[in-house]
Student: 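Okay, handing you the structure first.
Letters go in sequence order (proteins before strands), and every chain restarts at 1.
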Amino acid sequence: MRNWLIKSEPYKYSWDQLVQDGSTFWDGVRNYQARNNLASMQIGELCLFYHSNEGKEVVGIARVISTSRPDPTADAETWVGVDVAPYQPLKSPVTLARIKSEPSLAQMGLLRQGRLSVVEVSREEFDIIVAISEE
DNA sequence: GCCAACGTTGGC
DNA sequence: GCCAACGTTGGC
């Protein structure tokens with residue numbers, strides 16, 4: 001089981017929208033590293049759901065409910081997506097500023113590779129984020 | 001709105 | 001295969 005962080009600009013697709021929809025196909029990724037991450041996702045793996053640009057905070061946890069399949073919004077076979085569903089909202093959002101202020105999270109992919117929209121999160125980092133959200 | 005950090009493209 | 005130019009993302 002691996003853990004992930006997926007980013008979305010809330011005005012494009014927000015956590016609330018995911019909750020309302022029940023599940024969604026996570027598509028539109030056009031970056032090879034992010035694609036590789038999507039392709040290696042397994043059913044049941046948990047993803048931190050991060051709002052980029054507006055909010056800049058982790059707002060919930062989503063669960064992978066299908067392995068990857070071709071992204072119909074792409075014209076090449078290269079690109080894939082997975083289905084995700086809401087798992088649970090965070091009790092309180094964890095902001096980027098808060099993450100940056102936490103020494104134990106300094107190695108997070110989110111910080112090291114800010115532009116990557118699908119990034120792996122270690123189990124430890126995942127647990128720390130959840131713990132912070134419950135403070 | 002600006003800019004840093006990347007990724008991609010295309011000329012050579 | 002290198003590198004300059006350009007485009008995109010996302011924080012500030």
Side-chain angles (χ1 to χ4, degrees):
Chain A
M1 279 284 181
R2 298 162 83 184
N3 293 282
W4 309 94
L5 180 144
I6 57 178
K7 283 185 192 176
S8 183
E9 300 188 43
Y11 81 88
K12 285 185 185 158
Y13 196 87
S14 67
W15 169 259
D16 287 345
Q17 188 68 49
L18 179 62
V19 170
Q20 198 177 312
D21 292 348
S23 72
T24 196
F25 183 58
W26 205 257
D27 61 12
V29 169
R30 298 291 183 274
N31 169 286
Y32 284 99
Q33 221 179 325
R35 188 280 309 263
N36 292 343
N37 286 337
L38 286 174
S40 63
M41 285 186 182
Q42 299 298 319
I43 292 171
E45 292 181 339
L46 299 181
C47 309
L48 298 172
F49 193 107
Y50 178 82
H51 280 165
S52 60
N53 273 315
E54 283 172 57
K56 284 169 288 179
E57 56 195 12
V58 180
V59 291
I61 301 171
R63 182 173 177 275
V64 178
I65 59 169
S66 81
T67 50
S68 66
R69 53 190 168 88
D71 179 350
T73 69
D75 47 9
E77 286 295 296
T78 316
W79 306 111
V80 299
V82 299
D83 292 285
V84 297
Y87 179 70
Q88 62 178 47
L90 292 188
K91 203 177 281 182
S92 63
V94 178
T95 64
L96 181 63
R98 182 70 180 85
I99 290 170
K100 282 184 170 173
S101 75
E102 184 60 47
S104 56
L105 296 177
Q107 298 305 310
M108 270 189 83
L110 175 68
L111 301 182
R112 287 151 58 94
Q113 247 184 305
R115 294 178 57 230
L116 194 57
S117 59
V118 180
V119 61
E120 187 169 4
V121 176
S122 76
R123 179 62 195 265
E124 291 73 25
E125 290 161 349
F126 186 93
D127 289 344
I128 291 167
I129 300 279
V130 173
I132 291 172
S133 75
E134 290 171 349
E135 277 173 2

Student: In a table with atom names and distances, give each donor-acceptor pair under 3.5 Å that connects a side chain of residues 51-61 of chain A to protein atoms at least two apart or in another chain.
Tutor:
unit_1	atom_1	unit_2	atom_2	d
A:His51	NE2	A:Trp15	N	3.0
A:Asn53	ND2	A:Glu9	OE1	3.1

Student: Report yes if the distance between the aromatic ring centroids of A:Trp26 and A:Phe49 is under 6.0 Å, otherwise no.
Tutor: yes
Student: Counting only heavy atoms not in A:Tyr13, do more than 12 fall under 6.0 Å of its OH?
Tutor: yes
Student: Does A:Arg112 reach a base, just sugar-phosphate, or nothing at all? Heavy atoms under 4.0 Å.
Tutor: sugar-phosphate
Student: Would you say A:Leu111 and A:Val130 are hydrophobically clustered, going by side-chain heavy atoms of ILVMFWY under 4.5 Å?
Tutor: yes
Student: How would you summarise protein contacts on nucleotides 3-10 of chain C per nucleotide, using B for base, S for sugar-phosphate only and - for none, with heavy-atom distances below 4.0 Å?
Tutor: ----BBBB
Student: Under 3.5 Å, which donor-acceptor pairs do the side chains of residues 28-35 of chain A form with other protein atoms, sequence neighbours left out?
Tutor:
unit_1	atom_1	unit_2	atom_2	d
A:Arg30	NH1	A:Asp71	OD2	3.0
A:Arg30	NH2	A:Thr73	O	3.1
A:Arg30	NH2	A:Thr73	OG1	3.1
A:Asn31	OD1	A:Gln33	N	3.0
A:Asn31	OD1	A:Ala34	N	3.0
A:Gln33	OE1	A:Gln113	NE2	2.9
A:Gln33	NE2	A:Gln113	OE1	3.3
A:Arg35	NH1	A:Thr78	O	2.9

